[in-house]
Amino acid sequence: MNTQRLSNNYHDAHLERVAIGPRPELVLFIRLDPAHNATILQDAVVRFGSIANFREVEAFFSTLPMDAASDHLGIIRRLEPEARGSWALALEGYGEVRVLSERCLERKR
């Protein structure tokens, strides 16, 4: 389902893994914080397709350390729509990126 709102609260969630490209798409594998999602028992996958600013999004994620010893890439401070087709994603210590995509799919893992 394409939506302009998200079912889960992603504040303080752990970004465990990212799949990006080769098409202009981004998939986030996220472990939810139970303090902000008391009724959610499963973790989430958020997929953005047909990203208009794909190079900018790809460059943002290329700065994340891919440390095999860590159980996550970063802590999400913000993941929410700003306007139709514009999503804000902020990671603690790495800043924020806009994802320009009309196609966002959120599902349980």
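Quick caveat: nothing in here was measured; it's all calculated off a predicted structure.
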Between [atom1] of [X] and [atom2] of [Y], what distance do you get to the nearest 0.5 Å?
X: H36; Y: N8; atom1: NE2; atom2: CG; value: 12.5 Å
X: H14; Y: D33; atom1: NE2; atom2: CG; value: 7.0 Å
X: L91; Y: I75; atom1: CG; atom2: CD1; value: 9.5 Å

Exercise for review: Report yes or no: do V18 and Y10 belong to one cluster of Ile/Leu/Val/Met/Phe/Trp/Tyr joined by side chain heavy-atom distances under 4.5 Å?
Suggested key: yes

Point to revise | ILVMFWY network linking L64 to F48, side-chain heavy atoms under 4.5 angstrom | key: yes

[X] side-chain N/O to [Y] backbone N/O, donor-acceptor pair under 3.5 Å:
X: N53; Y: L100; answer: yes
X: E58; Y: G21; answer: no
X: N37; Y: N9; answer: yes

Minimum heavy-atom distance between [X] and [Y], given as atom pair plus value:
X: V57; Y: R98; answer: CG2-O, 3.7 Å
X: S101; Y: G49; answer: OG-O, 2.6 Å
X: G85; Y: E102; answer: CA-OE2, 3.7 Å

Point to revise | side chain to side chain contact (heavy atoms under 4.5 Å, CB included), paired with F29, selected from V46, V45, L73, L15 | key: V45

side-chain hydrogen bond (donor to acceptor under 3.5 Å, both in side chains) involving [X] - partner list, sequence neighbours excluded:
X: E16; result: R31, R109
X: H11; result: none
X: E80; result: R78
X: S86; result: none

Check your understanding: Passes side chain to side chain contact (heavy atoms under 4.5 Å, CB included), I30 versus L79? Steps please.
Key -> CA-CA 11 Å; I30 301 167; L79 176 56; 4.1 Å; yes

Practice item. Sort and list the pairs that fulfil ring pair (Phe, Tyr, Trp, His ring centres under 6.0 Å) and have at least one residue in residues 90-109, not counting sequence neighbours. Key: none

Check your understanding: Which is it for D43 and L32 under the side chain to side chain contact (heavy atoms under 4.5 Å, CB included) test, yes or no, and what are the steps along the way?
Key -> CA-CA 6 Å; D43 293 335; L32 298 172; 4.2 Å; yes

Check your understanding: Passes side chain to side chain contact (heavy atoms under 4.5 Å, CB included), L26 versus F61? Steps please.
Key -> CA-CA 10 Å; L26 168 68; F61 283 99; 3.7 Å; yes

Check your understanding: Considering residues at least two apart in sequence or located in another chain, which fulfil the salt bridge (Lys or Arg N to Asp or Glu O under 4.0 Å) criterion with R47?
Key -> E25

**Study point:** side chain to side chain contact (heavy atoms under 4.5 Å, CB included) between I20 and S62, worked out
**Key:** CA-CA 10 Å; I20 189 162; S62 73; over 6 Å; no

Revision key, fill the gap. Sorted by chain and residue number, the side-chain contact (heavy atoms from CB on, under 4.5 Å) partners of P81 (sequence neighbours excluded) come out as Q4, W87

